[in-house]
Amino acid sequence: MKVIPMIDVGVSNEPLREELMEACAQVLRSGRFILGEPVEAFEAEAAQYLETPHALGVSSGTDALLLALMALGIGPGDEVLCPSFTFFATAGAIARVGARPVFVDSCPHDYNMDPQAARPLISSRTKAIIPVHLFGQPANLCALMDLAQEQGLWVIEDCAQAMGARFDGRRAGSIGHLGTFSFYPTKTLSGFGEGGLLTTKDPEVFKKAHTLRNHGSARRYHHELIGGNFRMDALQGALLRVKLKHLEAYNAQRQAQALRYQNVLSTLPGIHTLQSSPQENSPPAPIPPDTHILLPSVFSQRESVWSLYTLRVLKGLRESLRQHLHAAGIASDIYYPKGLHAQPCYAPYAPPRQLPVVDTLCQEVLSLPLYPGLSEAAQSHILETLQAYRLQPA
Ligand SMILES: *Cc1c(COP(=O)(O)O)cnc(C)c1O
């Protein structure tokens with residue numbers, strides 16, 4: 001049986017083979033493999049796409065976060081607020097600069113950092129907030145930017161899953177003081193190995209990040225700062241330039257697939273959306289008692305790029321639904337099974353309190369296949385399989 005995977009990067013790369021090979025050949029001919037003209041051109045094009053003045057190509061999304069914190073001079077004695085329900089790197093970068101990650105509970109609507117849960121965690125040591133735009137949907141930047149301004153905090157948007165998403169018409173990564181992106185092959189701008197990007201409006205921060213990227217050296221063998229090697233490969237820059245031109249089309253495909261999931265699934269019994277258009281900061285609507293599955297909800301002023309399509313499967317049915325999908329040749333996956341506040345390595349930082357929304361999400365979330373090139377027939381098969389499960393719950 002042919003399995004429908006969570007993602008297939010081959011289907012979007014294959015039609016670009018000639019162009020990608022030519023981009024490689026040019027770098028090969030140039031004999032320059034680190035930074036250089038292809039990376040500079042990619043940075044300019046990415047900045048334009050992201051509607052932000054400055055973009056810096058770096059070695060990974062993780063390094064973009066690390067570099068952002070270093071450029072802000074955040075270190076020992078400082079605290080940084082971040083979600084618990086995110087990929088490891090968001091908090092890892094904070095701990096690696098010697099600061100303390102302070103884990104914030106999630107909003108049950110969008111799974112992102114809950115601004116109301118963030119406020120009471122701010123102390124005199126807090127220097128920054130890192131909201132993550134999880135699964136492609138921007139976090140509540142309106143409330144978080146207000147909070148940051150009021151408290152004098154930096155905002156670093158972790159846009160690793162949200163390149164091209166919009167909040168109130170503005171691109172994710174252009175609203176906070178800094179933005180960080182990843183080109184890991186499963187991300188929406190899917191790269192060819194490791195790669196990342198840092199964006200900022202602030203020319204001083206940009207200059208410092210630029211120097212830190214190359215061992216704190218703006219002039220050869222003259223080191224003003226202790227930086228690192230956060231440089232992007234020329235091949236990566238050259239290949240990403242080819243893919244960036246298609247990012248809008250990829251995101252549009254993701255949005256169309258998500259819409260189809262929403263439209264079809266919302267007609268099935270026991271499947272609901274928490275609220276069709278929840279108001280910012282409103283308490284979560286009660287979940288109807290017959291609910292088996294909650295569909296993801298998107299706030300009205302946000303545009304998600306759907307890096308993942310993630311359901312909540314209630315009543316302990318997640319594992320049986322996974323098996324039902326698996327038996328029909330459909331992959332599914334759990335992002336994330338455990339909050340960072342509960343990871344052993346963060347025990348020294350963990351709050352002596354529960355993050356109830358995160359703990360619930362970890363028990364319930366299930367992501368379905370969604371990627372550019374997922375065929376209509378494949379999605380029909382997924383939808384029919386879900387419908388059949390509903391008729392015969394295990
Ligand atoms: C993928 C990801 C990262 C890290 O990016 P890499 O390029 O893999 O280092 C950081 N934050 C989030 C939310 C991610 O999804």
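One-based numbering along the sequence shown. Order of listing sets the numbers, starting from 1, for every ligand and every atom in it. For the numbers below, each heavy atom of this structure counts, side chains included, while hydrogens, waters and symmetry mates do not.
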- Query: Given that the side chain starts at C-beta and the backbone is N, CA, C, O, which of these parts of T86 lies under 4.0 Å from ligand 1, counting heavy atoms, or is it both or neither?
  - Reply: side chain

- Item | Proximal ligand 1 atoms for V132, defined as those under 4.0 Å from one of its heavy atoms | 13 (C)

- Query: Can an N or O of Y184 be found at a distance shorter than 3.5 Å from an N or O of ligand 1?
  - Reply: no

- Query: Any idea which protein heavy atom is nearest atom 9 (O) of ligand 1, and the distance to it?
  - Reply: T62 OG1, 2.5 Å

- Query: Between D158 and T90, does any side-chain donor sit less than 3.5 Å from a side-chain acceptor?
  - Reply: yes

- Just let me know how D158 lines up against ligand 1, side chain, backbone, both or neither, with a heavy-atom cut-off below 4.0 Å. side chain

- Can an N or O of Y336 be found at a distance shorter than 3.5 Å from an N or O of ligand 1? no

- Item | F87 six-ring face occupied by K338 cation (under 6.0 Å, within 45°) | no

- Item | Backbone or side-chain N or O of E194 under 3.5 Å from ligand 1 N or O | no

- Message: With respect to K187, determine whether any N or O atom, backbone or side chain, lies less than 3.5 Å from an N or O atom of ligand 1.
- Response: yes

- Taking the six-membered ring for Trp, is the centroid-to-centroid distance between Y346 and F88 below 6.0 Å? yes

- Note on the structure: Logged contact type for T90 with ligand 1, heavy-atom cut-off 4.0 Å, is side chain

- Query: Just checking, any donor-acceptor pair under 3.5 angstrom between side chains of D105 and H341?
  - Reply: no

- Polar proximity ligand 1 side, S182 side, N/O cut 3.5 Å exclusive: yes

- Query: Is the ring centre of F183 less than 6.0 Å from the ring centre of F42?
  - Reply: yes

- Item | ligand 1 N/O within reach of L65 N/O, cut-off under 3.5 Å | no

- Task: Cation-pi check, R254 to Y371: give yes when NZ or CZ is under 6.0 Å from the six-membered ring centre and within 45° of the ring axis, no otherwise.
- Result: no

- Message: Less than 6.0 angstrom separating the ring centers of F103 and Y349, yes or no?
- Response: no

- Are N140 and R302 side-chain neighbours, meaning at least one heavy-atom pair lies under 4.5 Å? yes

- Item | Nearest protein heavy atom with distance in Å, relative to atom 3 (C) of ligand 1 | F87 CD2, 3.6 Å

